[in-house]
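On a predicted model such as this, the values are computed, not experimentally measured, just so you know.
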Amino acid sequence: MSDPSPVQALDSPKRPYDCLVISDLHLGSPMCQARLLESFLEWASTVTDVLVINGDVFDDLNFKRLTKRHFACLKVIRRNSDRDDFRVIWIRGNHDGPAEIISHIVGVDILDEYVFDNGQVKLLILHGDQFDTFITDYKLLTDFAVSIFYGIQKWAPHGTARWIRRITKKWQRNSQLVQYRAIEYAKSGGYRFVTCGHTHLALTADVDGIRYINSGTWIEPPPCPFVAVVGNEVRLETFPPPGFPTDQAEKAVPEVALEHRP
């Protein structure tokens, strides 16, 4: 695990958010909220200085599973990756595969962890699979279960596939484990704020002076969660947010609904 290096937010005109963090997009999965995600990425590029994509951007490296809508999301990321007034940070997730392959595709450096520092808060950001010993202790079982699940989500109704994914996450008890270990890790580095993904369970917890936020996933029905940094606040929000233009929200939702029909 690499040592986190604090990075200051870019010097740019003041925007509503200092930093936004999303995770577990799972592009390639039929459950991915791709149309809504595309709208979010376009919106994020106008309202924040830094966007952190905190792992599991892809469901796997079988790019044949990516639809046109999934590729559209990648295009938005690629189009905004070279701007001087906006920065995209990509954190490696356990579903993403070798970092060098992904980095070449999207034109963004892949990190193990990142520290966002706006001068008021330092937010430690990492995917969280580092703290999930189940996937490392039982790798063969995990790989087998994943292959079975891909078959289920291909043929079963989306609601069924989501239910199975939630049940397995709870069975592994990895949400509590990731939270506990992430807080301990943040504490050891002197950080008061830490965010992870991986468990797909969006939540906020304050333990021993440390605020832990899990950014959830984008394979559940909307609204979808993200972590927001505004001044000295770090909080969990959902998209579309209050005040989001109605016409854009309406564009995003219909295809999402269609994608979730059995």
Side-chain angles (χ1 to χ4, degrees), residues 6-25 27 32-57 69-70 72-91 106-109 111 114-125 127 193-197 202-204 211 213-256:
V7 180
Q8 295 291 336
L10 300 183
D11 184 16
S12 60
K14 184 62 179 174
R15 292 172 177 157
Y17 297 95
D18 297 329
C19 177
L20 300 179
V21 184
I22 57 173
S23 69
D24 298 86
L25 315 181
L27 295 175
C32 172
Q33 301 287 343
R35 180 179 283 273
L36 192 65
L37 175 61
E38 183 183 0
S39 293
F40 172 86
L41 293 170
E42 295 280 12
W43 172 79
S45 70
T46 67
V47 299
T48 188
D49 298 317
V50 179
L51 172 65
V52 181
I53 305 175
N54 192 13
D56 283 1
V57 178
R69 186 63 62 185
H70 297 158
C73 294
L74 293 175
K75 286 181 180 178
V76 176
I77 296 172
R78 186 68 182 90
R79 186 171 68 246
N80 289 289
S81 63
D82 296 326
R83 286 170 48 186
D84 294 330
D85 62 338
F86 179 72
R87 188 173 183 188
V88 178
I89 306 294
W90 193 314
I91 307 297
V106 297
V108 177
D109 290 336
L111 306 177
Y114 173 74
V115 175
F116 175 79
D117 182 356
N118 65 358
Q120 298 182 67
V121 300
K122 292 182 179 180
L123 173 63
L124 175 61
I125 307 167
H127 184 61
F193 301 91
V194 58
T195 183
C196 296
L203 61 86
T204 300
R211 167 157 287 197
I213 303 181
N214 192 288
S215 49
T217 181
W218 282 65
I219 63 169
E220 295 288 345
C224 293
F226 64 92
V227 175
V229 181
V230 182
N232 62 1
E233 280 192 86
V234 183
R235 59 187 186 236
L236 189 64
E237 297 189 9
T238 56
F239 186 86
F244 189 71
T246 304
D247 59 335
Q248 293 187 46
E250 288 175 349
K251 278 183 192 173
V253 174
E255 185 173 87
V256 172

Nearest-0.5 Å distance that lies between atom SG in Cys73 and atom CD in Gln33 = 10.5 Å
May I ask you to test the Val227-Val234 pair for a side-chain heavy-atom distance under 4.5 Å?
-> yes
Between atom CG of Leu111 and atom CH2 of Trp90, what is the distance when rounded to the nearest 0.5 Å?
-> 12.0 Å
Inter-residue atom distance Ile77.CD1 - Ser45.OG, 0.5 Å rounding = 11.0 Å
Atom of Asn118, atom of Gly231 and distance for their closest heavy-atom approach = ND2-O, 2.8 Å
Return yes if some donor-acceptor pair links the side-chain N/O of Ser81 with the main-chain N/O of Arg87 below 3.5 Å, else return no.
-> no
Kindly determine whether Phe86 and Thr48 satisfy side chain to side chain contact (heavy atoms under 4.5 Å, CB included), including the steps that lead there.
-> CA-CA 7 Å; Phe86 179 72; Thr48 188; 3.7 Å; yes
Donor-acceptor contact present, side-chain Thr195 to main-chain Ile213, <3.5 Å | yes
Rounded to the nearest 0.5 Å, the OG1 atom of Thr217 sits from the CG atom of Leu25 at a distance of 7.5 Å
Please examine the side chains of Ile22 and Leu37, heavy atoms only from C-beta on, and report whether any two atoms are closer than 4.5 Å.
-> yes
Taking all atoms of both residues into account, what is the closest heavy-atom pair of Leu27 and Cys32, and its distance?
-> CD2-SG, 3.7 Å
Output all residues satisfying salt bridge (Lys or Arg N to Asp or Glu O under 4.0 Å) with Arg235, sequence neighbours left out; order by chain, then residue number.
-> Glu233, Glu237
Report the C-alpha distance between Asp18 and Val121 in whole Å, list the side-chain angles of each, state the deciding distance to 0.1 Å, and finish with yes or no for side chain to side chain contact (heavy atoms under 4.5 Å, CB included).
-> CA-CA 10 Å; Asp18 297 329; Val121 300; over 6 Å; no
Any chance you could lay out the side chain to side chain contact (heavy atoms under 4.5 Å, CB included) test for Leu123 and Val21, step after step, and finish with the verdict?
-> CA-CA 10 Å; Leu123 173 63; Val21 184; 4.3 Å; yes
For Ser23 and Gly197, the nearest pair of non-hydrogen atoms, with its separation, is OG-CA, 3.4 Å
Could I get the full list of side chain to side chain donor-acceptor pair (under 3.5 Å) partners for Asp56, not counting sequence neighbours?
-> His127
Give, for atom CZ of Phe40 and atom CZ of Phe244, the distance between the pair rounded to the nearest 0.5 Å.
-> 10.0 Å
Heavy-atom distance under 4.5 Å between the side chains of Phe116 and Val52, does that happen here?
-> no
Atom CG in Leu41, atom CG in Leu20: separation rounded to 0.5 Å?
-> 10.5 Å
What pair of heavy atoms forms the shortest contact from Pro223 to Thr238, and how long is it?
-> CB-CB, 3.7 Å
Check: Pro240 and Trp43 side chains under 4.5 Å, non-hydrogen atoms | no
Dump the intermediate steps for side chain to side chain contact (heavy atoms under 4.5 Å, CB included) on Asp85 and Arg15, then the final yes or no.
-> CA-CA 11 Å; Asp85 62 338; Arg15 292 172 177 157; 2.8 Å; yes
Output all residues satisfying ring-ring contact (aromatic ring centres under 6.0 Å, His included) with Phe193, sequence neighbours left out; order by chain, then residue number.
-> none
Locate the shortest heavy-atom distance separating Pro225 from Trp218; write the atom from each residue and the value.
-> O-NE1, 3.1 Å
